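Below: the structure, in structure tokens.
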Amino acid sequence: MSDDEQVGAERRRRWRLVLGGAAEEPLGKADGRDGAMDAAMAALYDAGDTDDRPAKRSAGLGSSAPKVARWLGDIREYFPGTVVQVMQADAIERLDLTRLLLEPEMLAAVEPDVHLVGTLLSLNRVMPDAARETARQVVRTVVEELERRIAQPTRTAVTGALNRAARISRPRHADIDWDRTIRANLKHYQPEHRTVIPERLVGYGRRGTAVQRDVVLCVDQSGSMAASVVFAGVFAAVLASMRSLRTSLVVFDTAVVDLTDQLADPVEVLFGTQLGGGTDINRAIAYSQQLITRPRDSIFVLISDLYEGGVREEMLRRVAEMTAAGVQVVVLLALSDEGAPAYDHENAAALAALGVPAFACTPDAFPDLMAAAIERRDLRAFAERLTAP
């Protein structure tokens, strides 16, 4: 077979897998490994066909946990992990498999990811005891992977920002940073004396183990915020592990729950949330204000799509009060890798008018955002960089 013929055969093969059984007559039957891949996709994507004729390749997944567990094993064998995660999410949405997720056999077969954790947390209150421990293992697997991804960048960014923020221009002798002092005064070098005459000393304040910043994370746990809740819970646990920060975590729907005392274990934090329900941002901010005792040394991070079910005018007034008192207020429409979220544009515009931009942030950018907030940099410029095409 010539090179052109091989290229053509491969193109037909790929199109056959994309188009499914409807393309069997012109493009041929999928055999062997291709046939198994074809059947796995058909079980999911042909199940919702509305064509007059039934799907040829599969009878679908039905409502059998063993059958679904075998299918989950098949797709993990035939497709890369990123594709598996997409197919799992599609199966839960298209085939309403949330009930089957409560069965240990199926939970043991899934590919753990953030979206699956969000689904499990939404089922937390109805989960039978037989599935609960398996669900915790799934959640812990994802949490540990997220911690490996974000912990060190977060600690590095925050520690560096705290050090820079603590720099002083009139340090005591023991606190002088001589490297920075020399670089800052090189223009004052005296050739005849072969030395630098420092006009400005650069140093750091005495940091020790004192708490330098108070951080309050206030997280909307309505159903649309599932991925953000997962990432926020892990970030809160990482920040809480730093002695230079005093970190609080508040989650809310129409009620407010303070999970600060559980931050030593992010899995417990996540199982303390309750995804779904309404939203009362004003009530959550009112509670959070009580936690802020040092406004100029405090960072308040609201993570919400801003669809307010409470008193909007009071919400905006409280944000204005915090900024006027010196609190560094950060509003994130999402903390996830999911891209631009749906959000209340009117409330976002009202916050921007108060000098508080509302924007989505990826987990990888969050450490730098915290550093910018600690140093009291202009967050509008930070938001513009994140949203630039």
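Predicted model only: the values in this text are computed from it and were never measured. Excluded from the calculations below are hydrogen atoms, water molecules and symmetry mates; all remaining heavy atoms, backbone and side chain alike, are included.
The side-chain contact (heavy atoms from CB on, under 4.5 Å) test with D220 singles out one residue from L332, T279, I303, and that residue is T279.
In this structure a side-chain-to-backbone donor-acceptor pair under 3.5 Å is present from E308 to I281. T273 places no side-chain N or O within donor-acceptor distance of the main-chain N or O of V269, the cut-off being under 3.5 Å. Looking only at distances, a side-chain donor or acceptor of Q221 sits under 3.5 Å from a matching main-chain atom of Q274. Under the 3.5 Å distance criterion, the side-chain polar atoms of R296 are left unmatched by any main-chain donor or acceptor of V327. Counting only distance, with no hydrogens or angles, the side chain of T159 and the backbone of T156 share no donor-acceptor pair below 3.5 Å. A distance-only check finds no donor-acceptor pair linking the side chain of Y287 to the backbone of V256 [under 3.5 Å]. No donor-acceptor pair under 3.5 Å is formed between the side chain of D214 and the backbone N or O of S298. Counting only distance, with no hydrogens or angles, the side chain of S336 and the backbone of E338 share a donor-acceptor pair below 3.5 Å. Listed for the R155 side chain is no donor-acceptor partner under 3.5 Å among the backbone atoms of M242.
Taking the charged nitrogens against the carboxylate oxygens, R317 and E321 do have a contact shorter than 4.0 Å, which makes a salt bridge. Ion pairing between a basic and an acidic side chain is recognised when a charged N comes within 4.0 Å of a carboxylate O; R136 and D265 show no such pairing.
Here the straight-line distance linking atom CE of M225 with atom CG of L275 works out to 10.0 Å at 0.5 Å rounding. How far CG of N347 is from CG of D305: 10.0 Å, rounded to the nearest 0.5 Å.
A donor atom on one side chain and an acceptor atom on the other are found under 3.5 Å apart for D258 and T260.
Between F366 and F235, the ring centre distance stays below 6.0 Å.
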